[in-house]
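Before any comments, here is the structure.
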Amino acid sequence: MTRLFDGVAGLLADSLGALVRHRPVGGDPADIQSVFRTDPIEVLGADGGPVLISQPTWRVPEDRAAGIKPEDLIEPWDGKTYRVVSRITSGSPGADRFHIFALELVA
(Lines give C-alpha, C1' and ligand atoms only; values in the text may rest on other atoms or scores of the structure.)
Protein backbone atom coordinates (compact mmCIF):
# COMPACT_ATOMS: atom_id res chain seq x y z
CA MET A 1 0.00 0.00 0.00
CA THR A 2 2.93 2.35 0.46
CA ARG A 3 3.38 2.51 -3.33
CA LEU A 4 0.57 5.06 -3.40
CA PHE A 5 2.84 7.50 -1.50
CA ASP A 6 6.14 6.66 -3.22
CA GLY A 7 7.64 9.67 -4.95
CA VAL A 8 5.45 12.23 -3.18
CA ALA A 9 8.08 13.61 -0.77
CA GLY A 10 10.63 14.18 -3.52
CA LEU A 11 8.01 15.78 -5.74
CA LEU A 12 6.90 18.13 -2.94
CA ALA A 13 10.48 19.06 -2.03
CA ASP A 14 11.32 19.76 -5.66
CA SER A 15 8.22 21.84 -6.36
CA LEU A 16 7.60 23.58 -3.01
CA GLY A 17 11.06 23.54 -1.47
CA ALA A 18 14.29 25.41 -2.01
CA LEU A 19 18.00 24.73 -1.73
CA VAL A 20 19.19 24.61 1.87
CA ARG A 21 22.90 24.49 2.65
CA HIS A 22 23.69 21.56 4.99
CA ARG A 23 26.96 21.97 6.93
CA PRO A 24 27.63 18.65 8.66
CA VAL A 25 29.97 18.55 11.64
CA GLY A 26 33.33 17.45 10.26
CA GLY A 27 32.08 17.18 6.68
CA ASP A 28 31.77 19.12 3.46
CA PRO A 29 28.77 21.43 2.93
CA ALA A 30 26.13 20.44 0.39
CA ASP A 31 22.98 22.08 -0.95
CA ILE A 32 19.83 19.96 -0.49
CA GLN A 33 16.50 20.61 -2.20
CA SER A 34 14.14 20.44 0.79
CA VAL A 35 11.44 22.28 2.75
CA PHE A 36 12.40 24.71 5.55
CA ARG A 37 9.65 26.17 7.74
CA THR A 38 9.49 28.57 10.66
CA ASP A 39 5.72 28.23 11.16
CA PRO A 40 4.45 25.66 13.69
CA ILE A 41 3.68 22.21 12.25
CA GLU A 42 1.69 19.25 13.49
CA VAL A 43 3.23 15.75 13.51
CA LEU A 44 2.14 12.39 14.92
CA GLY A 45 3.35 11.68 18.44
CA ALA A 46 4.47 8.30 19.78
CA ASP A 47 0.87 7.52 20.75
CA GLY A 48 -0.42 8.35 17.26
CA GLY A 49 -1.97 11.63 18.38
CA PRO A 50 -1.10 15.06 16.99
CA VAL A 51 1.81 17.03 18.49
CA LEU A 52 2.42 20.71 17.68
CA ILE A 53 6.06 21.68 17.05
CA SER A 54 6.55 25.41 17.37
CA GLN A 55 10.26 25.59 16.50
CA PRO A 56 11.69 25.84 12.98
CA THR A 57 11.69 22.55 11.05
CA TRP A 58 13.41 21.12 8.01
CA ARG A 59 11.74 18.41 5.87
CA VAL A 60 14.13 16.32 3.83
CA PRO A 61 13.14 13.40 1.55
CA GLU A 62 14.43 9.95 2.53
CA ASP A 63 16.97 9.79 -0.29
CA ARG A 64 18.52 13.12 0.75
CA ALA A 65 18.49 12.71 4.55
CA ALA A 66 21.38 10.26 5.01
CA GLY A 67 24.11 11.74 7.14
CA ILE A 68 22.07 14.56 8.71
CA LYS A 69 22.68 14.47 12.44
CA PRO A 70 22.08 16.59 15.55
CA GLU A 71 24.59 19.46 15.86
CA ASP A 72 24.87 19.86 12.06
CA LEU A 73 24.16 23.38 10.81
CA ILE A 74 21.88 24.48 7.99
CA GLU A 75 21.60 27.77 6.14
CA PRO A 76 18.22 28.19 4.43
CA TRP A 77 17.06 31.01 2.17
CA ASP A 78 16.28 33.34 5.14
CA GLY A 79 19.99 34.16 5.65
CA LYS A 80 20.12 32.72 9.18
CA THR A 81 21.94 29.70 10.56
CA TYR A 82 20.15 26.89 12.42
CA ARG A 83 21.41 23.84 14.36
CA VAL A 84 19.77 20.44 13.94
CA VAL A 85 18.37 19.44 17.34
CA SER A 86 16.59 16.16 16.60
CA ARG A 87 14.94 13.96 13.98
CA ILE A 88 11.16 13.57 14.22
CA THR A 89 9.23 10.69 12.69
CA SER A 90 6.88 11.88 9.96
CA GLY A 91 4.51 8.92 10.19
CA SER A 92 4.39 8.52 6.41
CA PRO A 93 4.50 4.96 5.05
CA GLY A 94 6.05 6.12 1.75
CA ALA A 95 9.44 4.69 0.81
CA ASP A 96 10.65 8.24 0.09
CA ARG A 97 8.99 9.80 3.17
CA PHE A 98 10.16 13.09 4.61
CA HIS A 99 12.47 13.13 7.59
CA ILE A 100 11.60 16.10 9.78
CA PHE A 101 14.39 17.80 11.71
CA ALA A 102 13.69 20.15 14.63
CA LEU A 103 16.00 23.17 14.55
CA GLU A 104 17.23 25.97 16.79
CA LEU A 105 18.39 29.40 15.68
CA VAL A 106 22.15 29.93 16.01
CA ALA A 107 22.73 33.24 14.22
Parallel, tilted or perpendicular: ring planes of Phe36 versus Trp77, cut at 30 and 60 degrees: perpendicular
Spatial distance of atom OG (Ser34) from atom NE2 (His99) [nearest 0.5 Å]: 13.0 Å
Minimum side-chain heavy-atom gap Arg87-Ile100 below 4.5 Å: no
Test item: Thr38 and Tyr82 side chains (from C-beta on) under 4.5 Å apart, heavy atoms: yes
Test item: Val85 and Glu71 side chains (from C-beta on) under 4.5 Å apart, heavy atoms: no
Atom CG of Asp47: over 12 foreign heavy atoms under 6.0 Å: yes
Hphob cluster co-occupancy, Leu105 + Val20, side-chain heavy atoms under 4.5 angstrom: yes
Between CZ on residue Arg83 and CZ on residue Arg23, distance to nearest 0.5 Å: 10.5 Å
Heavy-atom closest contact (Pro24 atom, Pro29 atom, distance): CD-CA, 4.2 Å
Spatial distance of atom CD (Glu75) from atom OG1 (Thr81) [nearest 0.5 Å]: 4.5 Å
Gap between atom CH2 of Trp58 and atom CG of Asp72 - 0.5 Å precision: 7.5 Å
Closest heavy-atom pair and its distance - Ile41, Arg37: CG2-NE, 3.7 Å
Least distance between heavy atoms, Pro40 atom then Leu52 atom: CB-CD1, 3.9 Å
Identified side chain to side chain contact (heavy atoms under 4.5 Å, CB included) counterpart of Leu103 within the set Leu73, Ile74, Thr57, Ile53: Ile74
Any residue meeting side-chain contact (heavy atoms from CB on, under 4.5 Å) with Asp31, in chain and number order, not counting sequence neighbours: Leu19, Arg21
Pairwise distance CZ(Phe101) to NZ(Lys69) - rounded to 0.5 angstrom: 9.5 Å
Contact summary for Ile88 and Ala102, nearest pair of heavy atoms: CD1-CB, 3.8 Å
